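Since the structure comes first, as structure tokens, the remarks are kept for the end.
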Amino acid sequence: MKIYSTLTRTKEEFLPLKEGEVSMYVCGVTPYMDAHVGHAMSYITFDVIRRYLEYKGYRVKYIQNVTDIDDKIIDRALSQKIPARELADKFFNSFTEDMACLNIRPADAFPRATLEIPKMIEMITSLIQKGHAYAAKSGSVYFRVRSMPDYGKLSGRNLEDMMAGARIEPGDEKEHPMDFVMWKAAKPGEPSWPSPWGEGRPGWHMECSAMALGYLGESVDIHGGGQDLIFPHHENEIAQSECATGVKPFVRYWLHNGLLKLGEEKMSKSLGNLVTIKDALKFYSSDAIRLFVISSYYRNPLTYSLDALDASQKGAERLSKAAHIESNGQFPLELDLGSVEDSFVAAMDDDFDTPKAVATLFDLARQINTGRDSGLDISRAQQLLLKLGSVLGLTLAEPDTGSAEAGPFIELLLDIRKSLRQEKQFGLADEIRNRLASMGVVIEDKPEGASWHLKR
RNA sequence: GGCGACGUAGCCAAGUGGUAAGGCAGGGGUCUGCAAAACCCCCAUUCAGCGGUUCGAAUCCGCUCGUCGCCUCCA
């Protein structure tokens with residue numbers, strides 16, 4: 001299996017530190033508003049990677065942090081006149097719901113920044129002792145970038161280049177403009193925690209270093225996040241972690257997903273051009289959203305559009321139907337299921353080439369449908385389709401019949417319509433079908449009788 | 001300005017040296033009372049453009065044009 005690592009900018013053979021086990025850390029959210037489809041893209045990507053690694057037989061330990069204290073949370077909590085903690089809880093719960101709706105499996109742990117402060121203080125203290133950090137007179141502590149010769153290796157930058165375009169804050173207390181804060185001195189009224197340098201709160205990059213090291217050890221196999229985190233966030237995590245432990249590499253494989261665009265721009269909270277996951281789920285199924293994401297290669301940018309989502313919705317329905325159509329054939333479909341699975345694996349082994357893997361699923365679906373039409377037993381092929389679908393996190397659930405309440409009434413109408421059709425009263429039969437369709441109930445007449453499901 | 005991606009059919013999107021996967025849309029057909037679903041057939045002599053290397057290039061090299069991301073919070 002080959003995985004592209006941002007650090008080396010090449011596809012590398014994947015070899016975890018411990019045989020059979022993979023430690024995986026993915027940067028989580030800052031919960032101060034509802035998550036958007038860009039977040040969905042990132043977490044679907046890493047969910048698929050996790051599922052595939054488990055499919056390959058690895059035991060995966062998956063950690064995702066929660067940045068439950070930062071400027072945005074403080075600002076927003078202040079304007080809503082609620083404690084920062086309450087705001088963060090509210091939107092973290094919302095995030096958890098969204099992830100569940102998208103069939104994204106929860107991490108093994110969701111450590112929160114505010115509960116990991118002792119670990120961070122310990123790490124910062126050690127960095128100061130080693131000369132990699134210093135406390136300024138405000139009580140903030142900064143990382144000394146010049147103390148690390150290979151600072152910039154992840155993002156391919158060097159200090160001189162960065163200085164050219166750097167925004168230098170006037171009256172900065174930092175030794176070097178690129179030094180970054182690990183511990184922020186508290187301003188009056190802000191939530192704060194005691195530290196050897198006075199009341200304050202952790203800097204953003206510090207929590208991920210402390211948690212990755214604390215939960216997964218000094219060398220993590222996979223660390224993931226969006227490409228927008230490469231610099232400065234992940235660069236600074238490397239700096240803190242490698243300087244604190246002396247162990248290199250902090251991360252063996254750095255994975256970054258491409259960013260989701262809305263129109264010509266990146267979808268982001270700060271630009272405000274976003275579609276929340278909750279809104280997307282009003283119109284599209286979890287499988288449709290997932291299929292939209294995995295139909296494109298994870299390192300490439302992807303543009304959110306209704307056309308693309310509509311296409312994915314149709315595609316997802318096609319796969320679900322193939323996975324569940326009934327056949328009472330006696331003779332099994334002659335299809336080399338092993339080679340189908342091999343194609344799937346070959347695609348996924350090549351740096352998680354999900355678009356190609358998805359193509360094998362559609363090919364399999366066609367084989368299943370053809371086999372059914374020929375009166376063959378397709379159950380084993382259907383099992384394979386469901387199995388490979390689940391590796392990609394697709395439920396391929398049977399068409400939705402919604403809450404059961406309307407069910408008996410729809411069945412009643414179908415019975416009446418059946419009689420009408422038998423009596424060649426097609427005008428009335430069609431009217432029932434059309435009226436139900438306008439209410440979102442799709443009827444399909446089949447040789448064995450009519451079936452119905454809700455249109456998404 | 002520095003760093004990094006990308007440009008393949010109407011749309012989405014694989015393919016990194018051997019002659020263009022897959023999905024959606026569209027056209028024709030089978031099935032159906034009609035639809036829907038499903039199936040079959042068709043749908044890029046061509047991969048932003050121009051040069052070069054090669055027996056052979058969408059794939060490698062150079063240049064040009066265009067788009068995006070990061071360098072400030074961001075998945």
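Since the structure is predicted, the reported quantities are computational estimates derived from the model, not experimental observations. FYI, side chains are in, hydrogens and waters are out, and symmetry mates aren't considered; it's all heavy atoms of this structure. So you know, we letter chains A, B, ... as the sequences are listed, proteins then strands, and number each from 1.
- Within 4.0 Å of A:Ser295, counting heavy atoms only, lie sugar-phosphate atoms of the nucleic acid but no base atom.
- Minimum atom distance to the side chain of A:Arg157 is reached by B:C70, of the listed B:A14, B:C70, B:G23.
- A:Gly225 comes within 4.0 angstrom of the backbone, heavy atoms only, and of no base.
- Every residue was checked against the salt bridge (Lys or Arg N to Asp or Glu O under 4.0 Å) condition with A:Glu12, not counting sequence neighbours, and none meets it.
- Within 4.0 Å (heavy atoms only), A:Lys269 reaches sugar-phosphate atoms of the nucleic acid but no base atom.
- Considering A:Asp353, A:Leu392, A:Leu394 as possible partners of A:Val358, the one that fulfils the side chain to side chain contact (heavy atoms under 4.5 Å, CB included) test is A:Leu392.
- Each of B:C70, B:C73, B:C11 was ranked by its minimum atom distance to the side chain of A:Asp307; first place goes to B:C11.
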Output a table of donor-acceptor pairs, distance under 3.5 Å, between side-chain atoms of residues 361-373 of chain A and any protein atom two or more places apart or on a different chain; print 'none' if there are none.
unit_1   : atom_1 : unit_2   : atom_2 : d
A:Asn369 : ND2    : A:Ala365 : O      : 3.3
A:Thr370 : OG1    : A:Arg366 : O      : 2.7

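- Interface residues of residues 44-52 of chain A facing RNA chain B, ordered by number: none; criterion, heavy-atom separation under 4.0 Å.
- Here B:G69 is the nucleotide among B:A75, B:A14, B:G69 with the atom lying nearest to any side-chain atom of A:Glu265.
- One can place CE of A:Met41 at 14 Å from P of B:G69, the figure rounded to the nearest angstrom.
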Practice problem: Produce a footprint string for nucleotides 29-42 of chain B: one letter per nucleotide, 5' end first; B if the base is under 4.0 Å from any protein heavy atom, S if only the sugar-phosphate is, - if neither. | Solution: ----BBBBSSSS--

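- With a 6.0 Å cutoff to the six-membered ring centre and a 45° limit on the axis angle, A:Arg50 counts as a cation-pi contact of A:Tyr62.
- Toward the 5′ end of RNA chain B lies the nearest nucleotide of A:Thr303, the other residue of the pair A:Thr303 and A:Met267 mapping further downstream.
- The nucleotide whose nearest atom lies closest to any side-chain atom of A:Arg9 is, among B:A21, B:A75, B:A5, B:A5.
- Atoms CG (A:Leu394) and P (B:G22) sit 19 Å apart, rounded to a whole Å.
- For the pair A:Arg157 and A:Phe231, the cation-pi test (distance below 6.0 Å, angle within 45°) is passed.
- Distances shorter than 4.0 Å separate some side-chain N or O of A:Asn300 from OP1 or OP2 on B:A14.
- Using a 4.0 Å heavy-atom criterion, one finds that A:His256 contacts no nucleic acid atom at all.
- Listed candidates were B:A13, B:C68, B:G22. Nearest to the side chain of A:Ala359 is B:G22.
- For residues 383-399 of chain A, the side chain to side chain donor-acceptor pair (under 3.5 Å) pairs, not counting sequence neighbours, are A:Asp287-A:Thr395, A:Glu341-A:Lys387.
- A salt bridge is defined here as a Lys NZ or Arg NE, NH1 or NH2 lying under 4.0 Å from an Asp or Glu carboxylate O, and A:Asp415 with A:Lys418 fails to meet this definition.
- Contacts between residues 146-156 of chain A and RNA chain B, defined by a heavy-atom separation below 4.0 Å, involve A:Ser155, A:Gly156, listed by number.
- Computed from coordinates, the A:Leu361 CG to B:A13 C1' distance equals 16 Å when rounded to whole Å.
- The existence of a salt bridge linking A:Arg144 and A:Asp179 is excluded, since no basic side-chain nitrogen approaches an acidic carboxylate oxygen closer than 4.0 Å.
- Residue-level contact check: A:Phe292 touches neither bases nor backbone, having no heavy atom under 4.0 Å from any strand.
- Aromatic ring orientation, A:Phe292 versus A:Tyr304: perpendicular (interplanar angle above 60°, classes split at 30° and 60°).
- Contacts of A:Ile230 with the nucleic acid, taken as non-hydrogen atoms under 4.0 Å apart, are absent.
- A:Arg201 pairs with exactly one of A:Met120, A:Lys184, A:Met206 by the side chain to side chain contact (heavy atoms under 4.5 Å, CB included) rule, that one being A:Lys184.
- Summarising the base pairing, B:A48 is matched to B:U64 through a Watson-Crick or G-U wobble pair whose two defining distances lie under 3.5 Å.
- Here A:Asp353 lies in heavy-atom contact (under 4.0 Å) with sugar-phosphate atoms only.
- Between A:Asp70 and A:Lys261, it is A:Lys261 whose nearest contact on RNA chain B lies nearer the 5' terminus.
- The CG atom of A:Leu302 sits 14 Å away from the C1' atom of B:G69 (whole-angstrom rounding).
- Relative ring orientation between A:Phe95 and A:Tyr43 is described as perpendicular, the plane-to-plane angle rising above 60° on a 0-90° scale split at 30° and 60°.
- Side-chain contact, A:Asp351 with A:Tyr298: a donor N or O sits under 3.5 Å from an acceptor N or O.
- Phosphate contact (OP1/OP2 of B:A13, side-chain N/O of A:Lys356, threshold under 4.0 Å): absent.
- With respect to A:Arg435 and A:Glu431, a salt bridge is recorded, a charged nitrogen being found less than 4.0 Å from a carboxylate O.
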